[in-house]
Amino acid sequence: MGPADGGLVAAAGLLAGAVNAVAGGGTLIAFPALLTTGMPALTANITSSVGLVTGYAGGALGYQRELAGQATRLRALAIPALLGGLTGAVVLVVTPAGAFRAVVGYLVVAACGLLGAQPWLARLVAGRRAAASAARPTTSGVTTSDVTWPTRAGVFLAGVYGSYFGAGLGVLLLGVLGILLPDDIQRTNAAKTLLSFGINAIGVTVFVVSAQVSWAFAAILLVMSYAGGVLGARLARVLPAAALRGTVVTLGLIVAVVLIVSR
């Protein structure tokens, strides 16, 4: 690893952490940066997943207040989330490098679509929550009765996707939980963040065992994405998330076109 590659990945990690804190989609920054160093697409995806996990941990810690009273619900959802994360990670590890290289451009397009749809999804969830609150007050006591099998299935599928290619995982989970669970948006977002961390953590465990991680670059991302997450939490108060989201989606689509054309 030369100084130029190290500097590029460090900058990408810092920006990816900040983007995840503000709007989501940090993988769409870290992954292309790793590709630029000459790393194979499969190794770059695995290394990006390992390197950005610290950002999810910080986000989960920041939502302790909103997570209060959700222990029963989260225990019910933890199993499908972790099974999905494990499944997606194993499928990624056994996927031939050439096959992953062939589909990764389309995965980037899907991630860009999810990120671009985030504002619409947030409005949809908020509207549904307002209607539900008007019909009957939401209580803080949560039981497994509101965790249906469709919810479990949705969380499992989101976990598979999140471990296989992480960009857009948060948007998928927010959609599943926001539409199928009766709660306000902040508590739903907190549950989404903790489940995202669990999915990524179990995926990272598989990736570490698989010995397909470029540890020099992963170490840089681990440090810089955490710093970026802290910075992003502060910038979120002054930066328009829509503008940042649009920039990330545009860059992601450019990367997708390059990946699809050059495969």
Side-chain angles (χ1 to χ4, degrees), residues 1 5-35 37 39 43-67 74 78 81-82 84-86 88-89 92-93 111 115 158-159 161-174 189-236 239 241 244 248:
M1 176 178 61
D5 288 342
L8 173 65
V9 172
L14 184 68
L15 186 56
V19 165
N20 274 339
V22 177
T27 300
L28 295 175
I29 295 173
F31 175 69
L34 291 171
L35 289 179
T37 68
M39 193 180 298
T43 304
N45 186 41
I46 290 175
T47 301
S48 174
S49 295
V50 173
L52 296 182
V53 72
T54 49
Y56 289 102
L61 288 174
Y63 271 118
Q64 293 183 59
R65 182 177 61 187
E66 289 81 3
L67 289 169
L74 290 169
L82 295 177
L86 178 63
L92 177 61
V93 167
L115 191 59
Y161 170 83
S163 272
Y164 193 84
F165 189 71
L169 168 61
V171 182
L172 271 178
L173 279 175
L174 184 63
N189 199 46
K192 175 265 293 184
T193 301
L194 186 58
L195 290 173
S196 295
F197 171 64
I199 290 167
N200 279 271
I202 196 168
V204 165
T205 302
V206 174
F207 300 148
V208 169
V209 173
S210 74
Q212 297 190 54
V213 182
S214 177
W215 280 110
F217 288 113
I220 293 174
L221 287 175
L222 283 166
V223 174
M224 298 305 293
S225 66
Y226 177 80
V230 174
L231 177 64
R234 297 176 181 175
L235 292 178
L239 287 180
L244 184 58
V248 173

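- Note that CG of Leu92 is 7.0 Å distant from OG of Ser49, once rounded to the nearest 0.5 Å.
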Can I get a per-line list of side-chain donor-acceptor pairs under 3.5 Å for residues 25-34, giving both atom names and the distance, sequence neighbours left out?
none

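- Nearest heavy-atom pair, Ala191 versus Leu74, reported as atom, atom and distance to 0.1 Å: CB-CD2, 3.9 Å.
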Side-chain atoms of residues 216-223: list all donor-acceptor pairs with protein atoms under 3.5 Å, sequence neighbours left out, distances to 0.1 Å.
none

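- Annotation for Leu172 and Ala158: closest pair CB-CB, 4.2 Å, computed over non-hydrogen atoms.
- Side chain of Ser225 to backbone of Leu14: no donor-acceptor contact under 3.5 angstrom is found.
- In terms of the side chain to side chain donor-acceptor pair (under 3.5 Å) criterion, Ser48 has no residue partners (sequence neighbours excluded).
- Closest approach of Leu52 and Ala16 over heavy atoms only: CD2-CB, 4.0 Å.
- The structure places CE of Met39 at 10.5 Å from CD1 of Ile46, a figure rounded to the nearest 0.5 Å.
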Please output the side-chain donor-acceptor pairs of residues 197-211 that fall under 3.5 Å, not counting sequence neighbours, one pair per line with the distance.
unit_1	atom_1	unit_2	atom_2	d
Asn200	ND2	Ser196	O	2.8
Thr205	OG1	Ala201	O	3.0
Ser210	OG	Phe207	O	2.6
Ser210	OG	Gln212	N	3.4

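- Taken to the nearest 0.5 Å, the CG atom of Leu173 stands 9.0 Å off from the OG1 atom of Thr193.
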